[in-house]
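Every value quoted in this text rests on a predicted model; they were computed, and no experiment measured them. We name chains A, B, ... by the order of the sequence lines, and we start the count at 1 in each one. Both backbone and side-chain heavy atoms feed into the values below; hydrogens, waters and symmetry mates do not.
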2 protein chains.
Amino acid sequence: MSRLTRPCPAFDAALAGLAANAGLGADEVERLRPLCDRLEMWTAGAQIEAPRRTDRFRLITSGWIYEARLLPDGRRQIFGYVLPGDLICSRHGARAAPSVLLALTRVEGVDVPAALAVAPDGRRTPLGDAMAHAVEKQELRGYDALLRLGKYSAAERLAHLVIELRDRLCRVGLASREAFRAPLTQEHIADTLGLSVIHVNRVLRTFRSCRLLTIKFGMVTLLQPEKLERLAAGVAASSAPGGGGPGASAP
Amino acid sequence: MSRLTRPCPAFDAALAGLAANAGLGADEVERLRPLCDRLEMWTAGAQIEAPRRTDRFRLITSGWIYEARLLPDGRRQIFGYVLPGDLICSRHGARAAPSVLLALTRVEGVDVPAALAVAPDGRRTPLGDAMAHAVEKQELRGYDALLRLGKYSAAERLAHLVIELRDRLCRVGLASREAFRAPLTQEHIADTLGLSVIHVNRVLRTFRSCRLLTIKFGMVTLLQPEKLERLAAGVAASSAPGGGGPGASAP
DNA sequence: CGCGATTTTGAGCCATGTCAATCGGAGTGG
DNA sequence: CCACTCCGATTGACATGGCTCAAAATCGCG
């Protein structure tokens with residue numbers, strides 16, 4: 001709702017991210033650069049509307065967004081996150097109000113004009129293809145989320161989410177292999193993973209005492225990335241060494 | 001894999017279903033009818049490939065399909081079902097092997113030629129629009145599934161699934177308000193709802209003793225449709241009368 | 001320095017999972 | 001027609017993961 005126009009920030013990173021996400025050539029990316037003075041901004045907590053037309057996209061250049069359904073009784077299910085380098089397309093805001101997009105932090109982004117995605121003859125440009133590809137990738141993440149909720153234990157779900165976020169942020173240069181910052185409360189995590197806040201806290205404590213993972217002041221630190229990756233893959237972690245073998249469950 | 005060409009079966013019902021699902025005019029539907037002699041068939045258990053091209057669709061005219069990811073250790077998560085009148089598009093079989101489509105029964109369907117979905121000038125025909133719309137509807141169901149797994153109790157999940165299937169089958173004339181047949185084992189249901197087979201059985205027993213729902217010989221009977229609908233909507237069922245108040249949990 | 005939001009902890013309970021066994025129907029072969 | 005087998009449904013006993021309630025500890029902030 002609250003839109004301002006501001007000068008360029010992490011625009012380059014977002015472009016690089018889009019390129020990485022969608023497999024774009026450097027020359028294609030350059031054609032987007034002029035857009036950076038049309039930057040839009042939303043404040044934390046604002047609801048973000050999806051573009052109406054199917055052929056339009058909104059590229060997020062900085063900030064975190066979550067996609068959720070809000071239940072009448074105040075509960076909510078978070079379906080996923082939109083990060084810098086990701087695209088918002090009409091699908092997100094579609095009819096039947098399946099979900100809303102809410103800014104978790106201050107968010108900046110640009111609308112990519114239809115002309116850049118669809119050539120005059122009605123065919124898609126390489127950029128359009130790349131964006132469609134990026135959108136498809138986002139859809140695939142839905143399957144992962146379903147698997148996470150349907151088959152994973154609490155510890156596995158948490159590991160899976162952390163690894164997903166790290167990998168995505170990594171591609172945009174916002175994470176290293178073992179750390180990134182995330183503006184998430186434990187309540188967000190709980191609403192994403194289908195767990196209670198209290199149980200999320202407990203799993204975090206376990207991870208901390210295992211020296212697996214810590215979250216402090218919005219900074220997520222992966223102390224043993226490989227082990228977390230294995231957990232996230234649903235590989236029944238057997239050998240629980242060192243710390244004292246609290247860790248995961250045995251499926 | 002096993003494809004045969006056979007004469008027309010429930011082709012009309014599938015067309016009517018597509019029309020209902022996608023909001024198609026009767027005249028548009030008629031243009032599909034000539035396809036009915038290109039019918040393809042798969043045997044139960046066969047894997048169904050998605051069309052490769054984005055603009056092609058495969059219309060299912062009879063039979064049940066489930067979409068799942070198979071885990072290396074033999075477990076599986078069922079993401080959803082494809083029913084008569086539904087479409088399979090390239091998205092389903094996309095790269096990264098997110099899921100496979102497996103025939104639960106004998107399945108029949110037709111490939112809709114690209115020419116019917118996309119006009120020579122590259123724009124979508126009304127039929128193409130309708131099919132895209134139907135596909136979008138299928139995507140929306142993904143959100144419902146996520147909510148079901150993330151926020152619902154076992155009883156609510158079961159009710160939600162039953163209502164979803166009833167409503168979809170109803171639109172194709174394969175269900176009445178209080179009964180339909182479904183080729184699902186309790187294991188399929190469990191893998192869909194993220195529960196153990198045994199617990200599915202327990203919930204079914206509870207429903208049976210509540211006179212809410214029975215499943216016998218593949219026939220699903222909704223004894224109290226309204227109550228089930230309320231349960232499926234996640235409305236914390238309060239008044240548990242009659243039977244003795246076993247029913248649902250209190251969130 | 002007090003307040004609201006968030007994190008942490010503890011105690012106890014219930015829903016759900018696991019293990020083990022029985023039962024019933026549908027084929028199948030003799 | 002019967003014995004056998006396989007698969008799915010059913011049941012019981014038991015273990016436990018995850019939830020609820022309640023309260024303290026911390027943090028961010030005006």
Side-chain angles (χ1 to χ4, degrees), chain A residues 44-45 73-75 77 104-105 148-159 181-209 213-220 231 234 236-237 240 245-251, chain B residues 44-45 73-77 104-105 148-159 181-209 213-221 231 234 236-237 240 245-251:
Chain A
D73 57 1
R75 293 181 305 169
Q77 174 68 36
L104 212 46
T105 63
R148 180 162 68 198
L149 289 177
K151 280 279 175 297
Y152 282 14
S153 71
E156 289 169 334
R157 291 183 208 183
L158 183 55
R181 49 183 30 264
L184 301 176
T185 68
Q186 295 185 2
E187 191 173 4
H188 291 123
I189 299 176
D191 285 344
T192 308
L193 301 182
L195 300 168
S196 69
V197 187
I198 296 181
H199 201 246
V200 166
N201 184 291
R202 262 197 291 262
V203 176
L204 280 174
R205 191 210 316 183
T206 308
F207 279 7
R208 208 182 310 140
S209 76
L213 170 83
T214 63
I215 302 185
K216 198 78 180 179
F217 301 124
M219 176 62 71
V220 180
L231 243 189
S249 60
Chain B
D73 56 0
R75 293 182 304 170
R76 74 178 166 197
Q77 174 68 35
L104 211 45
T105 64
R148 179 162 69 197
L149 289 178
K151 281 278 175 298
Y152 281 14
S153 73
E156 289 168 334
R157 292 183 208 183
L158 183 55
R181 48 183 32 261
L184 300 176
T185 69
Q186 295 184 2
E187 190 172 4
H188 291 123
I189 299 177
D191 285 344
T192 308
L193 301 182
L195 300 168
S196 68
V197 187
I198 296 181
H199 201 247
V200 167
N201 185 291
R202 260 198 293 258
V203 175
L204 280 174
R205 191 207 317 183
T206 308
F207 279 7
R208 208 182 311 140
S209 75
L213 170 83
T214 63
I215 302 185
K216 199 77 179 180
F217 301 124
M219 176 63 70
V220 180
T221 310
L231 242 189
S249 60

So Lys216(B) and Arg208(B), do their side chains get closer than 4.5 Å, heavy atoms only? no
By nearest atom, which of the nucleotides dG12(D), dT9(C), dT16(C) is closest to the Ser153(B) side chain? dT16(C)
Could you tell me the separation between the CD atom of Glu187(B) and the P atom of dT10(D), rounded to a whole number of Å? 14 Å
Output the rounded distance in Å from CG (Leu158(A)) to P (dT7(C)). 13 Å
Under 3.5 Å: donor-acceptor pair, side chain of Arg148(B), backbone of Arg157(B): no
When rounded to whole Å, the NZ to P distance for the pair Lys151(B) and dA15(C) reads 18 Å
Selection: residues 188-204 of chain A, any non-hydrogen atom under 4.0 Å of DNA chain D: Gly194(A), Leu195(A), Ser196(A), Ile198(A), His199(A), Arg202(A)
Within the 4.5 Å heavy-atom criterion, are Val197(B) and Ile189(B) side-chain neighbours or not? no
Rounded to the Å, how far apart are Lys216(B) NZ and dG24(C) P? 11 Å
Would you say dC7(D) has OP1 or OP2 under 4.0 Å from some side-chain N or O of Gln186(B)? no
His199(B) meets the ring-ring contact (aromatic ring centres under 6.0 Å, His included) criterion, sequence neighbours left out, with none
Answer yes or no: does a side-chain N or O of Arg208(A) lie under 4.0 Å from OP1 or OP2 of dT8(C)? yes
To the nearest 0.5 angstrom, please state how far the OG1 atom of Thr214(A) sits from the CE atom of Met219(A). 9.5 Å
Looking only at side-chain N and O atoms, does Arg75(B) come under 4.0 Å of OP1 or OP2 in dG17(C)? no
So among Thr192(B), Leu149(B), Asp191(B), which one has a side chain to side chain contact (heavy atoms under 4.5 Å, CB included) with Gln77(B)? Leu149(B)
